[in-house]
Structures are given as C-alpha cells and as structure tokens.
Amino acid sequence: MSHFSPKSLMFYGTMIGSVLIFFNVVSNYGEKNLKAPSLLGGSYPIESNNLPQCFAKNQVKLTIDQSGLYLFGKLTGYSQIGDKKKEIVIPLDGMLNQDHFSLTGKFKGQQDCSELANKTLKIEAEKKDKTIFGSLSWDNSQSKLTFMATLEPKKTEAGINH
C-alpha cells in the first residue's frame, strides 16, 4: 500500500522531470559554447633578426606558465660583453583570448642593456599548433619586432623528449 497521495506523486514526478530537462539544457549549452582555453605553457626559443643589440642572437627564450586564461612568464636572453655572458630576464604577465594573447613586463634598469633600461615590453602573439607568431614592442613604440617561436619538447628526468 502506497503512502503517497496522487497529488504528492504528481508533484515529485514533475520536480524530477523538471530537473532532468534543466540538466539536459545546461549540458547541451556547455558542450556547444563552453571551451577550455588552449594550452600555451612551455618554453619557446625566439627566432628573429630584429632583436635589440644587447641580446645575443639565437639565445632568447619566451617561457610561459598558464592558469586558465591568465599567463605568467619571462623573456630570457643573454648579453654578450667580450667573453662574458650575462643573463637578462624580463618577468611577464598577461591574458589569453582564444589563440591570441598579450604579455607585458618591465625591463629592469640594472641589467646590461642600456638601450632598454626601464622600458616596458609588450608581446602580442597568436599560437598555431606548437608555434607562436607575434611581435615585440618597447614602451608602446610603433615599431614592432616580429618573431616566430616553436615549443621546445619537454625533457624528462631520463632526458627523453616528449
């Protein structure tokens, strides 16, 4: 013998049906419209012929860490003074917007590059597969240096690339 009245059964049936319909609508919306941001984190050696003179050629690297849409990283290069090599690091932060992103950071004056002392670096770029195509500019300069960078494979402890 049932302890539920026909009205309560109808109420519970309607509520359960409503929840199932709502769940289905939300699930369909999420599958069609909500996408995870593309993965961008890693190290990208920069290839450009137009880098500032204080950066030794073929030794500039953009390193990016990602937390959702927020990006953190650094541009690392080396100044070459005679036989002496000194690391230059510019900390960066920015945002990802689909496959496009921008990063900014301030060049510290104490580093060995007087032409860039205390200037702000802005990187605007786009990622296609494992390659970044973009531009660098200093203190909102109209002249932009174009570059290309390909993701370095990660090395495991055994030295095997992935």
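- The two residues Phe147 and Ser135 make their nearest non-hydrogen contact at CE2-N, 3.4 Å.
- Nearest heavy atom pair, residue Ile90 against residue Gly105, reads CG2-C, 4.0 Å.
- Evaluation of the side chain to side chain donor-acceptor pair (under 3.5 Å) rule for Asp129 yields no partner, not counting sequence neighbours.
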* Given Thr76 and Val60, is the side chain to side chain contact (heavy atoms under 4.5 Å, CB included) satisfied, shown in steps? -> CA-CA 6 Å; Thr76 307; Val60 178; over 6 Å; no
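- The line from CG of Leu103 to CE of Met95 is 11.0 Å long, rounded to the nearest 0.5 Å.
- In this structure, the separation between NZ on Lys61 and OG on Ser43 is 5.0 Å, given to the nearest 0.5 Å.
- Between Lys127 and Tyr44, the closest side-chain pair of non-hydrogen atoms falls below 4.5 Å.
- Summarising the geometry of Gly41 relative to Gln66, their closest heavy-atom pair is N-OE1, 3.6 Å, with the distance given to 0.1 Å.
- Put simply, Leu69 and Phe72 are part of the same group of oily side chains (I, L, V, M, F, W, Y) that touch within less than 4.5 Å, one to the next.
- The CG atom of Leu151 sits 8.0 Å away from atom CD1 of Ile132, with the distance rounded to the nearest 0.5 Å.
- With a 4.5 Å cut-off on side-chain heavy atoms, Thr120 and Trp138 do not count as touching.
- Side-chain atoms of Asp65 never come within 3.5 Å of backbone atoms of Gly73 as a donor-acceptor pair (strictly under, hydrogens ignored).
- With contacts defined as side-chain heavy-atom distances shorter than 4.5 Å, the pair Lys128/Asp99 does not qualify.
- The closest donor-acceptor contact from the side chain of Ser5 to the backbone of Ser8 lies under 3.5 Å.
- The NZ atom of Lys106 sits 10.5 Å away from the NZ atom of Lys119 when rounded to the nearest 0.5 Å.
- For Tyr12, the OH atom sits in a loose shell: 12 or fewer heavy atoms of surrounding residues, nucleotides or ligands are nearer than 6.0 Å.
- Heavy atoms only, all atoms of each residue included: Leu92 and Leu75 are closest at CD1-N, 3.8 Å.
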